[in-house]
Amino acid sequence: MAKNICVIGVGYVGLATAIGLADFGNYVIAIDIDQSKIQQLQNGNMIIYEPGLQELLTRNTSANRLKFTNSLKDALDNSEVVFIAVGTPENGNGDGNVDIQYVENAVNDVIQNSNSYKVLVIKSTVPVGYNRKVNERIKKANRDMDVVSNPEFLREGKAVYDFFHPDRVVIGTDSEKAKEIMRDVYRTLNRINVPFLWTDWESAELIKYASNGFLAIKIAYINQLACLAEQIGADIISIAKGMGMDGRIGPKFLHAGPGYGGSCFPKDTKALSAIAHQFGVPITIIDAVIEANKKQKMRIVERLKKRMPNISGKTIGILGLAFKAETDDIRESPAIDIVDELLKLGAIVKVHDPQAMHNFKEKYEDKVSYCNNEYEVSKDADALLILTEWNEYRSLDLRRIKSAMKSPYIFDTRNVLDRDELNELGFSFDLIGQKTMEA
Ligand code: UDX
């Protein structure tokens, strides 16, 4: 039956979780320390770009299954299940460990302000062993509470789809009572036979890191194969296709590009590496992936410099700033490393992105110029770089682009353009994972 749920944290994960759980028929109260976010959500306005989430927000708030509050007490007094979905950013000192102060604060708040039984669900990505530590604290504080590790597998830009069609729900706990309650929370998924994995806390925590780590390995591997293909004259698209036809490999996450970004892969690979080192069993493959990904971003600039050795004073147009399509998020985006390097080399940089420009502007201010569309970027440009696979860039009017550019050179790092068309129109071009010039 419907559960009364509190969700702490309305970021990319917390908001999708709060809205999704309400849409399952639960009664959800969401809270955040950022009052302006709560205010905007109370006014019915989305605070992030996530396709499909606005409609669900409207539907569930008007059905009175979802509300937003500033009062923790109000939220906890009316909830039996408390999801913690606050951020766990890198701690900034480069050792790969995450900053868990926000989770700690939320856990303390719940322990201090709960006056009845609670299932405390840690959805934030936390270091392995953290759930057990929280459980020990709760028992020591003699609180009537069970701890559940319920890692998220939501992709930005596809969070709605992923929430309603997960490949699996992973739940780590030592409490039968909590298990039954979590079955109720996710009964809608139960009904459509989504697989549930019931396991212990540490395994649930590690499944999250291990899954993201493996996906990052796939990407780093295909990117290094792309570099080899460029030298050999092979075609990485065909290679990825041929690999993916093997059911044990699968076609997904084999798209060569400028390197992975986002708020998860970079952070989770470093955290996994740190955890393994702390336990004295380094996962050297992950260490190599972290290095390879850093290099891949710089290889884009190196390949550009082969075309134009002296970048100083040249006008470079950048199409795509978000770390991937269908998001406005620029965290760890390859565009950041690449634009930094181009500015260091003295280039004049013009940028466009359908969704992420406001975030880029916060970081770069007037160091680059912001264009209203992809054609403005190409005006008087010596080179055009496609860094994000937005659909808008798949159907560029290349004639119009060419006539606007100072010199018609395009470097497509996502293979969204058609090689034959570029040839016919007389562009010089580079495509990731494909040989385009004599070495
Ligand atoms: C990821 C995981 O997919 C998700 O399960 C987890 O919960 C959070 O982290 P996300 O970071 O939102 O999701 O994006 P994802 O679609 O996984 O892409 C991550 C990065 O890899 C992006 O920079 C993307 O451009 C890159 N990528 C992805 C590739 O370069 N090639 C691919 O084939 C796939």
Side-chain angles (χ1 to χ4, degrees), residues 11-14 16-17 20 48-51 53 85 87-89 98 123-126 150-163 165-170 204-205 207-227 236-237 239-241 243-244 249-272 289-290 292-297 299-300 320-338 353 355-356 386-390 393 412-416 432-433:
Y12 280 97
V13 173
T17 299
I48 51 169
Y49 175 78
E50 187 58 60
L53 214 45
T88 49
V98 295
K123 185 161 276 292
S124 302
T125 304
V126 292
N150 176 217
E152 54 86 15
F153 301 99
L154 304 178
R155 291 166 295 171
E156 288 183 38
K158 295 196 175 56
V160 172
Y161 179 83
D162 289 345
F163 191 87
H165 310 85
D167 288 330
R168 75 299 204 193
V169 175
V170 171
E205 290 159 341
I207 286 167
K208 167 72 182 175
Y209 283 116
S211 303
N212 272 3
F214 186 74
L215 292 169
I217 290 169
K218 278 190 96 171
I219 295 165
Y221 183 56
I222 203 69
N223 283 342
Q224 290 197 329
L225 282 170
C227 299
I236 197 60
I237 296 174
I239 292 166
K241 206 164 172 190
M243 288 170 66
I249 298 173
K252 293 182 180 172
F253 280 69
L254 288 177
H255 304 293
Y260 60 74
S263 63
C264 291
F265 283 2
K267 173 167 78 82
D268 291 355
T269 46
K270 288 176 200 159
L272 178 57
V289 161
I290 294 166
N293 194 58
K294 257 188 233 148
K295 284 204 185 78
Q296 183 68 10
K297 297 176 185 177
R299 271 187 44 78
I300 302 301
L321 303 172
F323 78 91
K324 65 171 190 174
E326 295 312 313
T327 183
D328 63 352
D329 196 347
I330 63 166
R331 285 177 289 183
E332 301 281 336
S333 171
I336 291 174
D337 303 65
I338 291 166
D353 185 287
Q355 293 295 336
I386 299 180
L387 298 183
T388 311
E389 70 289 10
W390 284 105
Y393 304 148
D412 175 6
T413 74
R414 295 286 191 164
N415 283 326
V416 293
I432 201 89

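Start at 1 and go down the list; that is how both ligands and their atoms are numbered. Predicted model, so just to flag it, every value in this text is computed and none were measured.
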Query raised in the report: If you measure from each heavy atom of Lys208 to ligand 1, is any distance below 4.0 Å?
Result: yes
Query - Closest protein heavy atom (residue, atom, distance) for atom 28 (C) of ligand 1 - result: Ile219 CD1, 3.6 Å
Query raised in the report: Has ligand 1 got any nitrogen or oxygen that is less than 3.5 angstrom from a nitrogen or oxygen of Leu154?
Result: yes
**Report entry** Part of Glu332 within contact of ligand 1 (heavy atoms, under 4.0 Å)
**Finding:** neither
Query raised in the report: Is there at least one pair of N or O atoms, one from Gly262 and one from ligand 1, spaced under 3.5 Å apart?
Result: no
Requested in this report: List the steps and the verdict of side-chain contact (heavy atoms from CB on, under 4.5 Å) for Ile236 and Asn415.
Outcome: CA-CA 10 Å; Ile236 197 60; Asn415 283 326; 3.9 Å; yes
Report task. Would you mind listing which atoms of ligand 1 come within a distance below 4.0 Å of any non-hydrogen atom of Arg414? Result -> 25 (O), 30 (O)
Report task. Look at the side chain of Thr88 and the backbone N and O of Ser124, then say whether any donor-acceptor pair between them is shorter than 3.5 Å. Result -> no
Query - Lys218 side chain to Ile249 backbone, donor-acceptor under 3.5 Å - result: yes
Query raised in the report: Would you say Cys264 contacts ligand 1, with heavy atoms under 4.0 Å as the rule?
Result: yes
Query raised in the report: Are Val169 and Asn150 side-chain neighbours, meaning at least one heavy-atom pair lies under 4.5 Å?
Result: yes
Query raised in the report: So which bit of Asn212 gets within less than 4.0 Å of ligand 1, heavy atoms only: side chain, backbone, both or neither?
Result: side chain
Query raised in the report: To the nearest 0.1 Å, how far is atom 3 (O) of ligand 1 from its closest protein heavy atom, and which atom is that?
Result: Arg155 CG, 3.3 Å
Query raised in the report: Does a side-chain heavy-atom distance below 4.5 Å link Ser211 with Arg168?
Result: yes
Query raised in the report: Under 3.5 Å between some N or O of ligand 1 and some N or O of Phe323?
Result: yes
Query raised in the report: More than 12 foreign heavy atoms under 6.0 Å from OH of Tyr221: is that the case here?
Result: no
Report task. Would you mind telling me if ligand 1 is within reach of the side chain of Glu152, the backbone, both or neither, using heavy atoms under 4.0 Å? Result -> both
Query raised in the report: Which distance, rounded to the nearest 0.5 Å, do you find between the CG of Leu387 and the CG of Asp353?
Result: 10.0 Å
Requested in this report: Assess whether side-chain contact (heavy atoms from CB on, under 4.5 Å) is satisfied between Lys208 and Glu152, documenting all intermediate values.
Outcome: CA-CA 8 Å; Lys208 167 72 182 175; Glu152 54 86 15; 3.1 Å; yes
**Report entry** ring-ring contact (aromatic ring centres under 6.0 Å, His included) partner of Phe265, chosen from Tyr260, Tyr209, Phe214
**Finding:** Tyr260
Report summary line: shortest atom 15 (P) of ligand 1-to-protein heavy-atom contact is with Lys324 NZ, 3.7 Å
Query raised in the report: Is there a nitrogen or oxygen of His255 sitting under 3.5 Å from a nitrogen or oxygen of ligand 1?
Result: yes
Query raised in the report: Is it true that Arg331 lies under 4.0 Å from ligand 1, counting heavy atoms only?
Result: no
Report task. Could you grab the distance from atom CD of Glu332 to atom CZ of Phe323, nearest 0.5 Å is fine? Result -> 10.5 Å
Requested in this report: Check whether any side-chain N or O of Asn223 sits under 3.5 Å from a backbone N or O of Gly257 as a donor-acceptor pair, and report yes or no.
Outcome: yes
Requested in this report: Compute the shortest N/O to N/O distance between Glu156 and ligand 1 and return yes if it is under 3.5 Å, no if not.
Outcome: yes
Query raised in the report: atom 1 (C) of ligand 1: which protein heavy atom is closest, and how many Å away?
Result: Phe265 CE1, 3.5 Å
Query raised in the report: Side chain or backbone of Ile222 under 4.0 Å from ligand 1, or both, or neither, by non-hydrogen atoms?
Result: neither
